[in-house]
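Contents: one structure, followed by commentary.
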Amino acid sequence: MKDIVLIVSVLIFIMSCKSEDNQPDCGCKGVIAFTISNSDQQIGYLYSSTSGQNDNLPEYNYGIWFDEIECGNCIHKFLVCNDNFLSDFGDIPPYPGIKVEFSGDVKYLCKNISSPADYTYNYLIITKIEKQ
């Protein structure tokens, strides 16, 4: 009987240990929330962040935004995680930026953003981007 209790106790202990290689739920290294694929042909505007632009957002160097045609006030902003992907663009102007077609993996921010209900904010790992 003692052996069974010991084995069960060891199994419970092992199963309750958290793995240190778990992927976080948010941030640039977080899980993928959804993917914008090449076939989506998503058009938006690439812009450089300016200092003091919005204290409500995490720091970032570049963003991409687009609005939904079917929704007059719906704005989606993606904070770019892989800035090095933009090295061929040269100088990127501040908001509203330059028109681009893009695709990539979208991830959650780690902090809540105070914004209108029809605005969304996420991180983006760009997989493809082209000037339009």
Problem - Val80 with Tyr123, same ILVMFWY side-chain cluster at under 4.5 Å - result: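 No, it is not one cluster - the side chains of Val80 and Tyr123 are not joined through contacts under 4.5 Å.
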
Practice task
Indicate, with yes or no, if Ile92 and Tyr45 share a hydrophobic cluster defined by side-chain heavy-atom contacts under 4.5 Å among Ile, Leu, Val, Met, Phe, Trp and Tyr.
Solution key: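 No: no chain of side-chain contacts under 4.5 Å links Tyr45 to Ile92.
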
Atom [atom1] of [X] and atom [atom2] of [Y]: how far apart are they, to the nearest 0.5 Å?
{"X": "Leu79", "Y": "Leu109", "atom1": "CG", "atom2": "CG", "result": "5.5 Å"}
{"X": "Glu101", "Y": "Ile64", "atom1": "CD", "atom2": "CD1", "result": "11.0 Å"}
{"X": "Asp105", "Y": "Leu124", "atom1": "CG", "atom2": "CG", "result": "8.0 Å"}
{"X": "Asn84", "Y": "Ile126", "atom1": "CG", "atom2": "CD1", "result": "9.5 Å"}
{"X": "Ser114", "Y": "Tyr119", "atom1": "OG", "atom2": "OH", "result": "14.0 Å"}
{"X": "Tyr108", "Y": "Cys28", "atom1": "OH", "atom2": "SG", "result": "15.0 Å"}

Handout entry: Option from Asn38, Ile36, Ile43 for which side-chain contact (heavy atoms from CB on, under 4.5 Å) with Asp40 holds
Key =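 Among the candidates, only Ile36 passes.
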
Handout entry: Reference residue Lys107; test side-chain contact (heavy atoms from CB on, under 4.5 Å); the match among Val31, Asn122, Ile125
Key =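 The single option meeting the side-chain contact (heavy atoms from CB on, under 4.5 Å) with Lys107 is Ile125.
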
Would you give me the side-chain donor-acceptor pairs under 3.5 Å for residues 65-75, sequence neighbours excluded?
| from | atom 1 | to | atom 2 | distance (Å) |
| --- | --- | --- | --- | --- |
| Trp65 | NE1 | Pro96 | O | 3.0 |
| Glu68 | OE2 | His76 | NE2 | 2.5 |
| Asn73 | ND2 | Asp118 | OD1 | 3.4 |
| Asn73 | ND2 | Asp118 | OD2 | 3.0 |

Problem - pair Phe78-Val106: side-chain heavy atoms closer than 4.5 Å - result: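 The answer is yes, as the side chains (C-beta and beyond) meet within the 4.5 Å cut-off.
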
Handout entry: Non-hydrogen side-chain atoms of Tyr62 and Ser48 separated by less than 4.5 Å
Key =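 Yes, at least one pair of side-chain atoms sits under 4.5 Å.
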
Exercise for the section: For the pair Ser103 (side chain) and Thr127 (backbone), establish whether a donor and an acceptor sit closer than 3.5 Å, ignoring hydrogens and angles. Expected result: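 No, the answer is negative, given that no donor and acceptor are paired below the 3.5 Å cut-off.
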
Handout entry: Heavy-atom closest contact (Gly27 atom, Cys110 atom, distance)
Key =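 Heavy atoms only, the tightest pair is N-SG, 3.3 Å.
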
Problem - Listed partners of Phe85 passing ring-ring contact (aromatic ring centres under 6.0 Å, His included), at least two apart - result: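 Partners of Phe85 under the ring-ring contact (aromatic ring centres under 6.0 Å, His included) test: none.
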
Practice task
Quick one: do Tyr121 and Lys111 satisfy side chain to side chain contact (heavy atoms under 4.5 Å, CB included)? Show the steps, please.
Solution key: CA-CA 10 Å; Tyr121 294 88; Lys111 71 184 250 184; over 6 Å; no

Handout entry: Residue pair Tyr60, Lys77: steps toward the side chain to side chain contact (heavy atoms under 4.5 Å, CB included) verdict
Key = CA-CA 12 Å; Tyr60 67 103; Lys77 290 192 177 186; 5.7 Å; no

Handout entry: Working for side chain to side chain contact (heavy atoms under 4.5 Å, CB included), residues Ile113 and Leu57
Key = CA-CA 7 Å; Ile113 303 300; Leu57 292 174; 3.7 Å; yes

Problem - Trace of the side chain to side chain donor-acceptor pair (under 3.5 Å) decision for Ser37 with Thr35 - result: CA-CA 6 Å; Ser37 68; Thr35 298; over 6 Å; no

Practice task
Answer yes or no: are there more than 12 heavy-atom neighbours, outside Gln132 itself, under 6.0 Å from its atom CD?
Solution key: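 Yes, enclosed.
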
